Amino acid sequence: MKLLEVAAPDFDLVRTLDSGQVFHWEKCGDGFAGAIGSSGVYVEQQRNRLLFSGTTAKVIAKYFSLDHPLAEICRSFPRDPAMTAARDFCRGLRIIRQPVWECLATFITSSMKQVAHIRQISLTLRKRFGTAKMIYGSHVHVFPSAARVAQRTEEELRECALGYRAKNLLATARCVASGEADLNSWRMLSDEELRGRLCELPGVGPKVANCVMLFAYERLRAFPIDVWIERVLKQKYFPRKRKVTAAQLRAFCETYFGEQGGYAQQYLFHHARKGGAANGTK
DNA sequence: CTCCAGGGATGAT
DNA sequence: ATCATCCATGGA
């Protein structure tokens, strides 16, 4: 099979796909097999370009946000030791543009789960309910649509190891499938309005809403605070302080990290998770 | 075995 | 507004 190519300067595919923002790409030969929307896709990196099949260069460039001015974004980060170390560690990591529904659904299943298990849940949902596509010699399953998930029962979803999250995923799928929640029309809302709408969905609170805003709605200011980021913030930005409330952390992140706060957050997250050695206790 | 994970909903201060 | 508890499951 012949691969197409697209220029991808200042990009690191492995780092981007391993940073806990997307959960369905599997290593395959020299690259990865996965899906973008309803297309099965294979993609690998060779220096400053991507070789791919299954879709168009335009779709690849948009999905991986190759248009983001990464150097400029990194220059906007605050100058402090923690941020500088994260920036050096995460060179080429980009915040991608995921289809909204699959991003929303996946993060509903992410609550109190490790990345490895979120990936496992995604795989099970796709294998059971998603359409199979043949790509580059192996087959991948695309993420099932909201309508497809909405047809299932809570019991069937629980059989995918979802636990208590099954009820929330099903309820949200039914909201989306019925049109009660029109995810696409929400693109025109302000950040605050969008966050409000997302938080009305079952199983979606501030953290998941911010993830969906950042990874699917291109709101690069959204700053998800999970257990890892909370540790980093308390340790690096509020050392020697006994009580730091959630509200204090939120206020600090909004003002301190600025317009590209979501990128800063993702770099701090990935560095904390994969950086090794510096993972502080408590 | 224990501890913890990219949290949210609910009910009590 | 903040805090406690419960919720399933599996990796480390």
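Hydrogens, waters and symmetry mates are skipped; everything else that's a heavy atom, side chains included, is used. Note that the coordinates shown come from a computational prediction; the quantities given were computed from them, not determined experimentally. Chain letters run A, B, ... following the sequence lines, proteins first, then strands; residues in each count from 1.
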**OP:** Would you mind classifying the nucleic acid contact of A:Ile225 as base, sugar-phosphate or nothing, using non-hydrogen atoms under 4.0 angstrom?
**Re:** nothing
**OP:** Send over the distance from A:Asp226 CG to B:dG7 C1', rounded to a whole Å.
**Re:** 10 Å
**OP:** Examine distances only and state if a side-chain atom of A:Glu156 and a backbone atom of A:Gln151 form a donor-acceptor pair shorter than 3.5 Å.
**Re:** no
**OP:** Using atom types as modelled and distance alone, determine if a side-chain donor or acceptor of A:Ser53 lies under 3.5 Å from a backbone N or O of A:Leu3.
**Re:** no
**OP:** Using atom types as modelled and distance alone, determine if a side-chain donor or acceptor of A:Gln266 lies under 3.5 Å from a backbone N or O of A:Ser19.
**Re:** yes
**OP:** Check every strand shown and say whether A:Ala247 touches a base, only sugar-phosphate, or nothing at a heavy-atom separation below 4.0 Å.
**Re:** sugar-phosphate
Original post:
In this structure, are over 12 heavy atoms from other groups packed under 6.0 Å from A:Met134 atom CE?
Top reply: yes
Original post:
Counting only N and O atoms by type, is there a donor-acceptor contact under 3.5 Å from the side chain of A:Gln45 to the main-chain atoms of A:Arg47?
Top reply: yes
Subject >> Plane angle bin for A:Phe89 and A:His271 - parallel if under 30°, tilted between 30 and 60°, otherwise perpendicular >> reply: tilted
**OP:** Starting at atom CD of A:Gln114, determine the distance to atom P of C:dG10, rounded to an integer number of angstrom.
**Re:** 12 Å
Could you write out each protein N or O paired with an N or O of nucleotides 9-13 of chain B at a distance under 3.5 Å?
{"residue": "B:dA9", "atom": "OP1", "partner": "A:Gly203", "partner atom": "N", "Å": "3.3"}

Original post:
Shortest non-hydrogen contact from A:Arg119 to A:Val22?
Top reply: NH1-O, 4.4 Å
Subject >> Distance-only side-chain donor-acceptor flag, A:Thr124 / A:Arg128, under 3.5 Å >> reply: no
**OP:** Take A:Ala246 and A:Gln120, find for each the nucleotide of DNA chain C with the closest heavy atom, and name the residue whose nucleotide sits nearer the 5' end.
**Re:** A:Ala246
**OP:** Would you mind reading off the distance between A:Leu123 atom CG and C:dG10 atom P, rounded to a whole angstrom?
**Re:** 14 Å
Original post:
With both distances under 3.5 Å as the test, what is the Watson-Crick or G-U wobble partner of C:dG10?
Top reply: B:dC4
**OP:** Using the P atom on both, measure C:dT5 against B:dG6 and round to a whole Å.
**Re:** 24 Å
**OP:** Measure the distance from CD on A:Gln266 to P on B:dG6 and round it to the nearest whole Å.
**Re:** 12 Å
I'd like a table of atom pairs between the protein and nucleotides 5-7 of chain C - only N or O on both sides, under 3.5 Å - with the distance next to each one.
none

Original post:
Can you tell me how far C1' in C:dG11 sits from the matching atom in B:dC1, rounded to whole Å?
Top reply: 14 Å
Original post:
In whole Å, what is the span from the CZ atom of A:Phe269 to the C1' atom of B:dG7?
Top reply: 13 Å
Original post:
What's the NZ-P distance between A:Lys113 and B:dG7, to the nearest Å?
Top reply: 11 Å
Subject >> Proximity of A:Phe23 and A:Phe107 rings by center, below 6.0 Å >> reply: yes
**OP:** Please state whether the phosphate of B:dA5, meaning OP1 or OP2, lies under 4.0 angstrom from any side-chain nitrogen or oxygen of A:Arg231.
**Re:** yes
**OP:** Find the distance A:Lys207:NZ to B:dA5:C1' and express it as a whole number of Å.
**Re:** 11 Å
**OP:** Flag as yes if A:Phe107 stacks onto the base of B:dG6 (centroids under 5.5 Å, planes under 30°), otherwise no.
**Re:** no
Original post:
Which residue, A:Phe223, A:Phe238, A:Tyr237, forms the side-chain contact (heavy atoms from CB on, under 4.5 Å) with A:Leu249?
Top reply: A:Phe238
Original post:
Which is true for A:Thr109 with a 4.0 Å heavy-atom rule: it touches a base, it touches only sugar-phosphate, or it touches nothing?
Top reply: nothing
Original post:
In whole angstrom, what separates A:Arg119's CZ from C:dG11's C1'?
Top reply: 14 Å
Subject >> Candidates B:dG6, C:dA8, C:dT9 - which lies nearest the side chain of A:Ser110 >> reply: B:dG6
